[in-house]
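Here the structure comes first, spelled out in structure tokens, and everything after it is commentary.
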Amino acid sequence: MAGFSAFETATMSRALTLAARGRYSARPNPMVGCVIVSGGDIVGEGWHERTGDAHAEVNALKPAGKAAAGATVFVTLEPCSHHGRTPPCADALIEAGVGEVIVAMTDPSDDVDGDGIRRLQAAGIVVRSGLLESQARELNHGFISRVTRHRPFVRLKLAMSLDGAVAMQSGESQWITGPEARADVQRLRAESGAIMTGIATVLADDPSLNVRDERFPVLNQPLRVVLDSSMRMPADARMLKLPGDTLVATASTVNAPEGARRLRVPGHADGVDIPAVLGELAALGVNDLLVEAGPTLAGHLLRERLFDELVIYQSPHIMGSSTTRAARTPSWTALADRLELDVVDTRVVGRDQRITARALN
């Protein structure tokens, strides 16, 4: 990469690997990793392990000790410059006497937005930025979406047969995909600040919408969100008896059943105002939203372009024509009307195929 050496690139890559260790515990904060190098040797490294605890820079400074003086710091996100639950990391680096800070990307949040870099530079510390920036942005796309677009990064999950079916005519749907794919969905849930579905799915399937796989050690269960324009949420729904919070987004004035909170949002003929829901979730600190829903809600998100990423699990079988389709989309009549996608990843998960795609801008 122009302007950066192979060693610097490898060191920032290590910092990104460390940052990813906070995937299940850092939210709503961004995932951040830090590596401190002196004389060509790593003298300290750390990551933001959980919300409320020390940030990556402080965790890296502890093992570095006096060796941090004059050292080069590699950090995946611009050091913070404000007092939150912890003091500013920029001040900690200044006090340690580091000589240079290499930043993957600037922090787009209003609390920082370049101020951390300016504070370091004012203290005489050399700052360079942009090393592996695209990788850093991808790691924290949810955080970036929340602070810049004021809505979470929306990931729509679909599980279907090769011919696009999600249920038989009788409604039978368990299980279309294999155990490996279902375990992979547990990972998606663990990476999400909230999981959203529609009331029709709750009434038909009574889902739990929680993380049950112990391989994904979440600090708190993702917020469960049910879109329910007329408050039909059953009092005996399974999710209401489970650890974690349930939010019912509704236009109704009826109170939510015990175990759930009501979120009043505008309604319309198609249901609740989903952009309004997304804005409210961002205000609650949700970076990444996973949607697991039936064909009506899935179709609405596709039609209105209210998603950022599709994760499609395709199982190697044909379910036939008398089945329920994965998404109820408009009756597009011309190829020009179609929703074009950019496939960013494909891989085999057990006997199924997982396709990850994003809408073309």
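The structure presented is a predicted model; accordingly, all values stated were derived computationally and were not measured.
R182 places a side-chain N or O within donor-acceptor distance of the main-chain N or O of T177, the cut-off being under 3.5 Å. Between the side chain of E78 and the main chain of D115, a donor-acceptor pair closer than 3.5 Å is present. Judged purely by atom type and a 3.5 angstrom limit, R27 has no side-chain atom pairing as donor or acceptor with the backbone of D288. A donor-acceptor distance shorter than 3.5 angstrom exists from the side chain of D228 to the backbone of M233, with no hydrogens or angles considered. N29 places no side-chain N or O within 3.5 Å of a backbone atom of T51 that could act as its donor or acceptor partner. Using a distance-only test at 3.5 Å, with no hydrogens or angles considered, a donor-acceptor pair links the side chain of R146 to the main chain of P28. Between the D273 side chain and the A276 main chain, a donor and an acceptor come within less than 3.5 Å of each other. Put simply, the side chain of S252 never gets that close to the backbone of S229: no donor and acceptor are under 3.5 Å apart. The backbone N or O of W47 sits less than 3.5 Å from a side-chain atom of N59, completing a donor-acceptor pair. R189 places a side-chain N or O within donor-acceptor distance of the main-chain N or O of N210, the cut-off being under 3.5 Å.
Looking at heavy atoms from C-beta onward, H300 lies in side-chain contact with I274 at the 4.5 angstrom threshold. In this structure the side chain of D113 never reaches within 4.5 angstrom of the side chain of T106, judged on heavy atoms. No side-chain heavy atom of L18 sits less than 4.5 Å from a side-chain heavy atom of F74. Residues S134 and M105 form no side-chain contact, since every pair of their non-hydrogen atoms from C-beta on lies 4.5 Å or further apart. In this structure, V98 and I125 have side chains that are in contact, with non-hydrogen atoms separated by less than 4.5 Å. D236 has its side chain out of reach of D206: every pair of non-hydrogen atoms, C-beta onward, lies at least 4.5 Å apart. Side-chain contact between M239 and P207 is present, with at least one heavy-atom pair separated by less than 4.5 Å. Contact check for V37 versus F7: side-chain heavy atoms found under the 4.5 Å cut-off.
For T148 against P108, the heavy-atom pair with the smallest separation is CG2-CB, 3.7 Å. What you find for A251 and P266 is that their closest heavy atoms are CB-C, 4.3 Å. P152 and L281 get closest at one heavy-atom pair: CG-CB, 4.0 Å. Between V277 and A249, the closest heavy-atom pair is CG2-CB, 3.9 Å. Between I199 and P234 the shortest heavy-atom distance is CD1-CD, 4.3 Å. The minimum heavy-atom distance between V112 and R118, with the atom names listed, is O-NH2, 4.4 Å.
The aromatic rings of F153 and H141 lie parallel to each other, with less than 30° between the two planes, well short of the 60° mark.
Connection of V291 to L339 is established within a shared hydrophobic cluster, with ILVMFWY side chains joined at heavy-atom distances below 4.5 Å, either directly or through further cluster members. Under the 4.5 Å side-chain heavy-atom criterion for ILVMFWY residues, no single connected hydrophobic cluster contains both V254 and L247. Linking Ile, Leu, Val, Met, Phe, Trp and Tyr whenever their side-chain heavy atoms come within less than 4.5 Å puts V248 and I195 in one cluster. One hydrophobic cluster, built from ILVMFWY side chains closer than 4.5 Å, holds both F307 and I312. Cluster annotation: L289 is not connected to L188 through the hydrophobic network of ILVMFWY side chains, with a link wherever side-chain heavy atoms come within less than 4.5 Å.
Rounding to the nearest 0.5 Å gives a distance of 10.5 Å between CG of D107 and SG of C89. Atom OG1 of residue T72 and atom CD1 of residue I42 lie 12.0 Å apart, to the nearest 0.5 angstrom. Here T197 contributes atom OG1 and L227 contributes atom CG; the two are 8.0 Å apart, rounded to the nearest 0.5 Å. Annotation: the span from S25 atom OG to M31 atom CE amounts to 9.5 Å, rounded to 0.5 Å. Rounded to the nearest 0.5 angstrom, H317 NE2 and M160 CE are separated by 11.0 Å. To the nearest 0.5 Å, the span separating CZ on R137 from CG on L139 amounts to 12.0 Å.
A salt bridge between R358 and E138 is present, with a side-chain N of the basic residue lying under 4.0 Å from a carboxylate O of the acidic one. Under a 4.0 Å N-O distance rule, the pair D308/R149 qualifies as a salt bridge. The residues D213 and R187 are annotated as not salt-bridged, no charged nitrogen and carboxylate oxygen being separated by less than 4.0 angstrom.
In summary, of the residues considered (V101, D91, V75), a side chain to side chain contact (heavy atoms under 4.5 Å, CB included) with E57 occurs for V75 alone.
Within a 6.0 Å sphere centred on NZ of K66, other residues, nucleotides and ligands contribute 12 heavy atoms or fewer. Around the CZ atom of R264, the shell of radius 6.0 Å holds more than 12 heavy atoms that belong to other residues, nucleotides or ligands. Counting heavy-atom neighbours within 6.0 Å of R238 CZ, excluding the residue itself, gives a total above 12. For CG of D342, the number of neighbouring non-hydrogen atoms (other residues, nucleotides, ligands) closer than 6.0 Å is greater than 12.
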side-chain contact (heavy atoms from CB on, under 4.5 Å) evaluation trace for E49 with R21: CA-CA 7 Å; E49 299 179 17; R21 293 184 180 180; over 6 Å; no
Stepwise side-chain contact (heavy atoms from CB on, under 4.5 Å) test for I102 and F4: CA-CA 10 Å; I102 298 179; F4 296 102; 3.8 Å; yes
Worked check of side-chain contact (heavy atoms from CB on, under 4.5 Å) between D110 and V147: CA-CA 8 Å; D110 292 338; V147 302; over 6 Å; no
side-chain contact (heavy atoms from CB on, under 4.5 Å) between L306 and V154, intermediate numbers included: CA-CA 7 Å; L306 291 174; V154 179; over 6 Å; no
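The ring-ring contact (aromatic ring centres under 6.0 Å, His included) test applied to Y313 returns no partner, not counting sequence neighbours.
A donor-acceptor pair shorter than 3.5 Å cannot be found between the side chains of S109 and D111. Using a 3.5 Å distance cut-off with no hydrogens or angles, the side chains of T246 and R224 do pair a donor with an acceptor.
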